Amino acid sequence: MMTTSDKTKSKNSEGKRMMRHLLQRCAVLACATIMLASVMMAGEARAAYPDQTITMIIPLAAGSAVDNAARILAPAMSQALGQSIVSENQDGASGIIGAERVARANPDGYTIGAFNDSILTMVPNMLPNIPWDPIKDFAPVSLVTNFEWALVATPSLPYKTAADVIAAAKAQPGVINYATGGVGSPQHIAMALFAAANHLDMVAIPYKGATPAAVGIAGGEAQVGFSALPTVKSLLDGKKLHLLGISSENEIPQAPGVPTISESGSPGFQFYSWFVIVVPAGTPQPIVDRLNQAIKMALANPDVRAKLLAQGAVPVGSSPGVLGAAIKTNLAKYKKLIDDNHIKAN
């Protein structure tokens, strides 16, 4: 028979068990509340992107085609995102230095790269020991524009067409110099392909970017070179360079009356380049999609389109997937072209 003392002890024991159970339930509820709050806060943080200034790294010279186009795009993107975008040039080494900065940045959407296709598809085939991988270290956002390209020459020279350059180079093997923006740059690849197609022996003079290369031709340090039209527009307008031919398939409105290189000396020759936006690999897909949407909104702006077209930059816009596939395709294409034509770094 249970005594009064035993009953009291039993009640106390049951009360302690109930209290422990209640405390355990409270602890579980508290943890759940904290976890839910954390998830909600994380969701709010993601939804709030961007909530600070975005840095756009341009691994190319000021005044280059990508630089000019990026500075037209950035304000319109900023308006679409509701956040400022600061553009920074970090040129040198054919874009390798600035590209590495993008590759090593936090994948949070606050560092984006404004690249040409050379960085992603040409330089890796010319310089295999670069400190980043064009596929693994970057996430594609959008193909922004294509650039029209042209063959230009020092105005004091007698060249009028591509045929004149071909004739001069054949008459003086190893004498005609051409300017490039560095090893593996589009200027380098374009002229190397032109020389290979026409069996020419020409000498490359590398500069620290497309703009210095164009200035080098204007000053007579190099005689000729290929360049994107946006890079040389001001020099052409100021009669500092002579426009010999356009490397597109057909004549273009930005250069009325100027023949294509294909029809004026080198049948079948064509060359153009890209401007793309990429982010560090690992950037969350919602952020990539948000940036892609902002680019599409910017390119839909008639004023932005008009400014780009006036420079020879053709607005495109694409999904991240389309750009990613294009990078892989062109990486393989340029490897074959470089190998087949024996294009060397030096």
Side-chain angles (χ1 to χ4, degrees), residues 30-60 62 66-91 95 97-116 119-120 132-145 274-305 307-308 315-324 327:
C31 288
T33 301
I34 292 170
M35 290 176 65
L36 179 60
S38 298
V39 170
M40 291 177 65
M41 289 175 66
E44 289 174 359
R46 286 195 295 271
Y49 173 84
D51 61 1
Q52 64 188 61
T53 299
I54 297 169
T55 300
M56 178 185 285
I57 304 299
I58 307 171
L60 303 156
V66 169
D67 180 64
N68 290 336
R71 292 178 187 277
I72 293 172
L73 179 74
M77 274 188 71
S78 176
Q79 185 175 12
L81 291 167
Q83 188 57 253
S84 60
I85 297 177
V86 175
S87 300
E88 293 185 15
N89 294 89
Q90 190 163 9
D91 58 342
I97 298 170
E100 183 176 12
R101 180 176 168 190
V102 177
R104 303 294 174 246
N106 289 331
D108 55 9
Y110 291 103
T111 301
I112 64 178
F115 289 9
N116 63 3
I119 293 171
L120 296 168
W132 41 261
D133 184 281
I135 304 298
K136 296 178 181 178
D137 289 329
F138 303 106
V141 177
S142 178
L143 168 60
V144 182
T145 70
W274 308 337
F275 160 33
V276 304
I277 295 293
V278 299
V279 290
T283 300
Q285 192 61 43
I287 291 177
V288 172
D289 293 339
R290 182 78 179 91
L291 289 167
N292 181 271
Q293 180 186 40
I295 292 169
K296 288 181 178 177
M297 292 175 66
L299 293 179
N301 184 317
D303 184 53
V304 171
R305 294 182 67 85
K307 288 178 179 178
L308 290 171
V316 180
S318 77
S319 69
V322 167
L323 174 57
I327 291 170

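As the structure is a computational prediction, the values presented were derived from the model and not from experiment.
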Looking at [atom1] of [X] and [atom2] of [Y], how far apart are the two atoms once the value is rounded to the nearest 0.5 Å?
| X | Y | atom1 | atom2 | value |
| --- | --- | --- | --- | --- |
| Asn89 | Asp67 | CG | CG | 4.5 Å |
| Arg71 | Ser87 | CZ | OG | 5.0 Å |
| Arg104 | Thr111 | CZ | OG1 | 13.5 Å |
| Gln79 | Ile85 | CD | CD1 | 11.0 Å |
| Leu120 | Ile327 | CG | CD1 | 4.5 Å |
| Ile119 | Trp274 | CD1 | CH2 | 12.0 Å |

So among Asp303, Thr145, Asn301, Leu308, which one has a side chain to side chain contact (heavy atoms under 4.5 Å, CB included) with Ile72?
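For Ile72, the side chain to side chain contact (heavy atoms under 4.5 Å, CB included) test succeeds with only one of Asp303, Thr145, Asn301, Leu308, which is Leu308.
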Phe115: partners by ring pair (Phe, Tyr, Trp, His ring centres under 6.0 Å), with sequence neighbours left out:
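Expected list: Phe138.
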By side chain to side chain donor-acceptor pair (under 3.5 Å), which residues pair with [X], not counting sequence neighbours?
| X | answer |
| --- | --- |
| Gln52 | none |
| Asp133 | none |
| Ser84 | Thr53 |
| Asn106 | none |

Could you tell me which non-hydrogen atom of Ile57 sits nearest to which non-hydrogen atom of Gly98, and how far apart they are?
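Looking at all heavy atoms of both residues, the shortest contact is CG2-O, 3.8 Å.
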Salt bridge (charged side-chain N to carboxylate O under 4.0 Å, His left out): pairs with one or both residues in residues 79-90, sequence neighbours excluded:
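Sorted result for residues 79-90: Glu88-Arg101.
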Within 6.0 Å of CD in Glu100, more than 12 heavy atoms from elsewhere:
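Count over threshold, so yes.
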Going through the checks in order, is the side-chain contact (heavy atoms from CB on, under 4.5 Å) test met by Gln83 and Tyr49?
CA-CA 9 Å; Gln83 188 57 253; Tyr49 173 84; over 6 Å; no
Answer yes if the side chains of Gln293 and Asp289 hold a donor-acceptor pair under 3.5 Å, and no otherwise.
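Per modelled atom types, Gln293 and Asp289 side chains form no pair under 3.5 Å.
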Donor-acceptor pair, side chain of [X] and main chain of [Y], under 3.5 angstrom:
| X | Y | answer |
| --- | --- | --- |
| Ser142 | Ser318 | yes |
| Tyr110 | Ala105 | no |
| Asn292 | Val141 | yes |

State, yes or no, whether a side-chain contact exists between [X] and [Y] at a heavy-atom distance under 4.5 Å.
| X | Y | result |
| --- | --- | --- |
| Pro315 | Arg305 | yes |
| Ser319 | Val322 | yes |
| Asp91 | Pro59 | no |
| Val144 | Leu299 | yes |

Mind running side-chain contact (heavy atoms from CB on, under 4.5 Å) on Leu81 and Ile54 for me, showing each step along the way?
CA-CA 10 Å; Leu81 291 167; Ile54 297 169; 3.8 Å; yes
Residues Ile295, Ile277; criterion side-chain contact (heavy atoms from CB on, under 4.5 Å); working and verdict
CA-CA 9 Å; Ile295 292 169; Ile277 295 293; 3.8 Å; yes
Start with the C-alpha distance between Val279 and Ile287, add both sets of side-chain angles, then the distance that settles side-chain contact (heavy atoms from CB on, under 4.5 Å), and finish with yes or no.
CA-CA 10 Å; Val279 290; Ile287 291 177; over 6 Å; no
